[in-house]
Amino acid sequence: MDELLLSKIRLGIVAALLTADWASFASLQRSLQTTQGNLAAHLAKLVEAGYIDEQKLFVDRRPQTRYSLTVAGRAAFAAHVGEMQRLLASGGPS
Amino acid sequence: MERQEAAEHLELVDRILEQSSRRLYVGGEFFVVWGCESALISLLFQLLSDGRISAPWLWLAGAGYAFAVAFTVVRYRQLAVCMERKSWLQREFLNVLWLALGLTFVTQIGAFGLYPGFAGGGLWSFSASFVLFYIGMHGNRAAIVGGMLLLVSLIVAAFMPAVAGYALAAGMLLGDAGFGVASLLATDERAHRHG
């Protein structure tokens with residue numbers, strides 16, 4: 001299993017970005033229903049691992065931070081979900 | 001990781017993916033504006049062929065086109081600014097919408113010799129029904145009803161040429177603009193529900 005994706009919030013972030021070109025910080029916060037500080041900490045870990053990309057820009061003169069999933073993040077998510085499905089099918093802890 | 005935990009994590013992934021796929025913004029305002037514009041064109045040609053108005057009234061269709069194009073550009077720029085997430089589905093839908101609107105617009109204006117009068121209206125009904133059925137394929141029943149209304153109006157127009165303009169105009173108003181109003185009301189209701 002992927003250590004980084006064992007956290008529910010980080011797994012949720014990657015799942016939320018899976019079918020999107022990008023999502024803003026506010027959109028991710030709404031999807032995952034977590035606090036700003038908690039979300040920011042988890043996002044930073046995923047950025048550091050190269051699972052997601054961060055882009056800071058100004059939209060209508062207001063700052064917006066957008067996140068998108070990287071190829072490495074997509075591959076890690078697929079492998080992690082595959083492991084969890086195998087665990088469920090096998091009937092024992094990993 | 002225990003099985004129970006793995007099951008919970010997979011449930012979370014399913015829930016998030018399901019939520020993501022439901023968030024398609026169809027832009028009801030574009031359907032209202034272009035539905036009304038197309039209905040206006042068919043109506044003007046019908047009134048002209050009935051001898052109720054003279055040819056200069058057709059400039060009204062041109063003015064309507066100019067308004068629809070300006071509205072589309074301004075509104076899309078506003079939407080792009082307040083967008084918080086761009087899903088693949090949203091991107092694909094917008095591609096289909098702009099392709100259908102753009103190609104029909106260029107074809108009708110550029111090939112007016114091929115698609116004069118009611119043929120132009122028919123072209124709009126065809127492309128609008130194409131977009132509505134595309135939306136319908138993603139689980140939107142109102143869009144399927146709208147697309148069906150447009151197809152019915154096309155068939156009625158083909159078999160009753162004396163009232164072809166009225167039939168096409170009614171199809172665009174009920175099917176296309178009607179769908180736009182329904183989706184705007186649904187968006188408004190969702191916004192109220194989620195505060």
Side-chain angles (χ1 to χ4, degrees), chain A residues 1-34 42 55 57-69 73-74 76-94, chain B residues 1-27 29 73-99 134-135 137-140 187-195:
Chain A
M1 298 248 179
D2 191 309
E3 287 290 322
L4 210 58
L5 297 179
L6 286 175
S7 148
K8 242 180 167 178
I9 300 279
R10 286 195 290 271
L11 183 69
I13 291 169
V14 175
L17 292 172
L18 200 65
T19 57
D21 285 342
W22 54 264
S24 69
F25 185 93
S27 158
L28 289 171
Q29 196 186 357
R30 211 171 304 122
S31 285
L32 299 159
Q33 297 187 335
T34 184
H42 286 295
Q55 191 192 7
L57 65 163
F58 280 89
V59 179
D60 201 22
R61 280 170 286 176
R62 274 175 293 185
Q64 191 186 59
T65 311
R66 292 177 177 179
Y67 297 91
S68 56
L69 197 59
R74 194 171 297 279
F77 177 82
H80 183 71
V81 167
E83 283 289 323
M84 286 197 293
Q85 284 169 336
R86 267 191 293 279
L87 170 66
L88 278 181
S90 71
S94 65
Chain B
M1 178 180 259
E2 298 294 329
R3 287 182 73 199
Q4 175 67 28
E5 207 182 345
E8 279 174 19
H9 282 211
L10 286 172
E11 260 177 44
L12 170 88
V13 169
D14 279 345
R15 199 172 62 241
I16 289 174
L17 288 178
E18 205 212 328
Q19 275 173 6
S20 310
S21 65
R22 270 193 274 125
R23 267 186 251 143
L24 175 67
Y25 182 73
V26 296
E29 55 271 55
V73 172
V74 171
R75 181 66 185 141
Y76 179 69
R77 290 177 83 167
Q78 283 176 344
L79 285 175
V81 163
C82 59
M83 201 180 259
E84 287 199 332
R85 182 177 187 273
K86 191 173 185 187
S87 68
W88 292 350
L89 182 63
Q90 189 71 55
R91 190 213 313 147
E92 286 309 304
F93 165 68
L94 289 174
N95 286 345
V96 169
L97 180 67
W98 302 140
L99 273 176
Y134 176 83
I135 299 170
M137 280 175 192
H138 292 95
N140 190 320
T187 309
D188 203 33
E189 196 182 309
R190 269 200 301 276
H192 279 298
R193 226 184 295 145
H194 297 296

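Order of the sequence lines fixes the chain letters, A, B, ..., with proteins taken first and strands second; residue numbering starts at 1 for each chain.
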Which heavy-atom pair separates [X] from [Y] by the least distance, and what is that distance?
X: A:L87; Y: B:A6; value: CD2-CB, 3.7 Å
X: B:R85; Y: A:A16; value: NH2-O, 2.8 Å
X: A:Q64; Y: B:M83; value: NE2-O, 3.6 Å
X: A:D21; Y: B:W88; value: OD1-CD1, 3.2 Å

When rounded to the nearest 0.5 angstrom, what distance separates [atom1] in [X] from [atom2] in [Y]?
X: B:H9; Y: A:L5; atom1: NE2; atom2: CG; value: 10.0 Å
X: A:K8; Y: B:E11; atom1: NZ; atom2: CD; value: 8.0 Å
X: B:E2; Y: A:L88; atom1: CD; atom2: CG; value: 11.5 Å
X: A:S68; Y: B:K86; atom1: OG; atom2: NZ; value: 12.5 Å
X: B:L89; Y: A:T19; atom1: CG; atom2: OG1; value: 8.5 Å
X: B:E84; Y: A:Q29; atom1: CD; atom2: CD; value: 10.0 Å

So what's closer than 4.5 Å to chain B heavy atoms on A:Y67: side chain, backbone, both or neither?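 Answer is neither: A:Y67 stays 4.5 Å or more from chain B.
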Stepwise side-chain contact (heavy atoms from CB on, under 4.5 Å) check, A:L32 with B:I16: CA-CA 8 Å; A:L32 299 159; B:I16 289 174; 3.7 Å; yes
